[in-house]
> 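Below is the structure I would like to discuss, written out as structure tokens.
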Amino acid sequence: MASKVTPISGFQEWLPAQRIAEQHFLDTIREVFELHGFASINTRAVEPVDRLSNQGEDADKEIYGVSRLAGDDSSEASLGLHFDLTVPFARYTLEHSGKLTFPFRRYQIQQAWRGERPQRGRYREFTQADIDIVDANELPSHYEAELLLVIADVFSRLPVGDYRIHVNNRKICQGFYQGIGIEDVIGTLRIVDKLDKVGDDGVTKLLLAAGCTRPQVDQCLALAQICTADSTFVDQVQALGVHNDTLEEGLAHLKSIIDTANEHAPGVAVADLRIARGLDYYTGTVYETMLEREPSYGSICSGGRYDALASDGKRTYPGVGISIGVSRLLGLLIGEEGLSASRETPSVVLVAVNHEDSRPESMRVAAALRARGIPTLVSPKAAKFGKQIQFADRRGIPYVWFPGSEADSPAAIHAPSTGTGDELDATGTGDQVKDIRSGDQVSADRDTWTPPTADLHPTIAFPE
RNA sequence: GUGGGUGUAGCUCAGCUGGUAGAGCAUCGCGUUGUGGUCGCGAGGGUCGCGGGUUCAAGUCCCGUCACUCACCCCA
């Protein structure tokens with residue numbers, strides 16, 4: 001039955017060349033995560049709804065439920081697709097706590113689902129690349145700087161352009177707000193978080209409406225304005241004259257992170273005291289990462305420290321984690337800016353087929369090349385050589401191999417004169433390989449010929 | 001969930017105050033059984049999102065619905 005196919009909003013799908021670019025990102029992320037000693041885990045797509053749903057009332061609306069279309073499954077536990085990787089990881093940590101070795105550092109690259117209205121940079125199905133470190137009972141704060149450096153290492157190997165990791169510590173806001181007599185810390189954070197969208201005036205109105213006094217509002221705004229690439233933010237906060245132990249603790253932590261980051265990855269981190277993050281479970285350091293060329297696109301890498309996400313009653317497992325929003329990042333780079341691969345197939349060589357009768361010989365050539373790690377495809381038809389070259393060209397395959405073991409082979413008959421003729425096999429019966437970009441065609445040995453390293457695998461680049 | 005915009009070929013779109021569905025690009029074929037890209041000729045491909053209404057006649061007007069899209073909410 002033919003039915004019209006239509007796209008489903010909020011689900012990202014790439015064409016083959018774009019997928020190659022995506023895989024390059026995923027491979028690089030994985031490689032760097034492993035380089036920094038993170039072990040991979042994969043968690044199931046579903047969690048019991050009651051475990052997912054107590055993260056805040058708004059989150060509930062976004063959870064996709066999972067059930068059988070037919071049949072009476074009223075006796076089954078209610079399941080939902082996870083909407084991030086942190087909550088499943090917390091559950092995983094508790095479930096396997098007896099078999100894990102702490103501090104446990106894991107990476108997890110999986111999809112997550114949120115049933116919200118899609119928009120630019122926001123999807124209903126999306127891939128996240130998470131790293132987290134959890135420990136039992138206590139978690140040293142130096143990990144909070146370490147995660148930032150891992151992300152800096154990842155992005156240094158990818159064509160993401162200039163970016164900044166904005167770091168804050170919730171204790172700064174919490175201590176500061178309490179120090180000036182504001183009780184609703186979370187609510188105040190949420191309002192201050194809108195600074196980008198509604199501006200000073202908008203935030204002022206909202207805070208006044210929430211019951212803050214004028215001096216409190218001014219202090220909140222003054223704190224939120226502070227944003228420094230070095231540890232001078234400490235002096236700026238202290239100049240505001242608020243005294244609170246929690247505040248001092250937060251300042252010391254953040255200073256330590258910024259100093260460490262500046263030593264190992266200069267220019268990447270910035271202390272930005274307006275960063276709040278929506279999720280309630282963060283208790284200390286929080287991160288958001290913006291691209292310099294388009295900060296309004298939103299954070300492409302976020303996370304933070306959480307002290308009590310996982311607890312079995314006897315022990316709590318504090319952790320710190322950060323997550324690359326792969327789908328959001330690629331939605332911009334691939335979807336809008338045109339990042340793609342140099343070809344739409346991994347094949348670097350197309351082996352021509354002279355006649356259908358000689359296909360076995362072409363297959364032997366392909367086998368010899370593949371045995372040496374050269375991705376190779378055999379031509380689908382013994383069409384005219386122009387067609388076979390075109391087949392390669394359309395897919396971006398740079399080399400066409402002409403098997404030459406037969407007397408009437410095209411390599412013997414049709415080798416073009418290149419002036420010197422030296423590179424042609426004197427007998428005219430050997431294999432030849434043609435670089436279809438330059439037109440150069442030379443004799444080649446299927447057991448030793450290797451394409452230039454730059455051609456062996458597709459490369460990724462933005463359009464000119 | 002609330003509000004605005006848009007639905008015509010694979011893609012980008014034209015189609016006037018109603019009169020038998022079009023272009024460009026892409027795809028495929030042909031241009032002396034052999035070395036492509038240019039060029040020439042040709043072909044395929046559309047329940048005009050879906051349903052109803054008005055009319056002799058609806059892609060076009062009206063109503064509904066669905067999808068996509070943008071903003072709000074919230075977040076990677």
> Begin with the C-alpha distance, continue with both residues' side-chain angles, and end with the deciding distance and a verdict on side chain to side chain donor-acceptor pair (under 3.5 Å) for A:Y282 and A:N168.
CA-CA 11 Å; A:Y282 291 122; A:N168 193 4; over 6 Å; no
> Who passes salt bridge (charged side-chain N to carboxylate O under 4.0 Å, His left out) against A:R274, sequence neighbours left out?
A:D196
> Between the protein and nucleotides 36-40 of chain B, which nitrogen or oxygen pairs are less than 3.5 angstrom apart?
residue : atom : partner : partner atom : Å
B:G36   : O4'  : A:G386  : O            : 3.2
B:G36   : O2'  : A:Q390  : NE2          : 3.4
B:G36   : O6   : A:I436  : O            : 2.9
B:G36   : N1   : A:I436  : O            : 2.7
B:G36   : N2   : A:D393  : OD1          : 2.8
B:G36   : N2   : A:D393  : OD2          : 3.0

> Could you note down all residue pairs passing salt bridge (Lys or Arg N to Asp or Glu O under 4.0 Å) where residues 117-129 of chain A supplies at least one of them, sequence neighbours left out?
A:E116-A:R122, A:R120-A:E294, A:R120-A:E336
> Could you list the residues that satisfy side chain to side chain contact (heavy atoms under 4.5 Å, CB included) with A:A366, not counting sequence neighbours?
A:V351, A:R370, A:T376, A:V378
> Give each stem of RNA chain B as a range with a range, requiring at least 3 consecutive Watson-Crick or G-U wobble pairs whose two distances are under 3.5 Å.
B:1-7 with B:66-72, B:10-13 with B:22-25, B:27-31 with B:39-43, B:49-53 with B:61-65
> Between residues 37-47 of chain A and RNA chain B, which residues have a heavy-atom gap below 4.0 Å?
none
> I'd like to check the ring pair (Phe, Tyr, Trp, His ring centres under 6.0 Å) partners of A:Y399; sequence neighbours left out, ordered by chain and number.
A:W449
> Please name all residues satisfying side chain to side chain contact (heavy atoms under 4.5 Å, CB included) with A:V270, sequence neighbours left out, ordered by chain then number.
A:R164, A:H166, A:C227
> A:T28: what forms a side chain to side chain contact (heavy atoms under 4.5 Å, CB included) with it, not counting sequence neighbours?
A:H24, A:V32, A:R157, A:L158
> List the residues meeting ring pair (Phe, Tyr, Trp, His ring centres under 6.0 Å) with A:F391, not counting sequence neighbours, and say none if there are none.
none
> For residues 384-395 of chain A, which residue pairs pass the side chain to side chain donor-acceptor pair (under 3.5 Å) check, not counting sequence neighbours?
A:S379-A:Q388
> Applying salt bridge (charged side-chain N to carboxylate O under 4.0 Å, His left out), can you list everything that pairs with A:E183, at least two apart in sequence or on another chain?
none
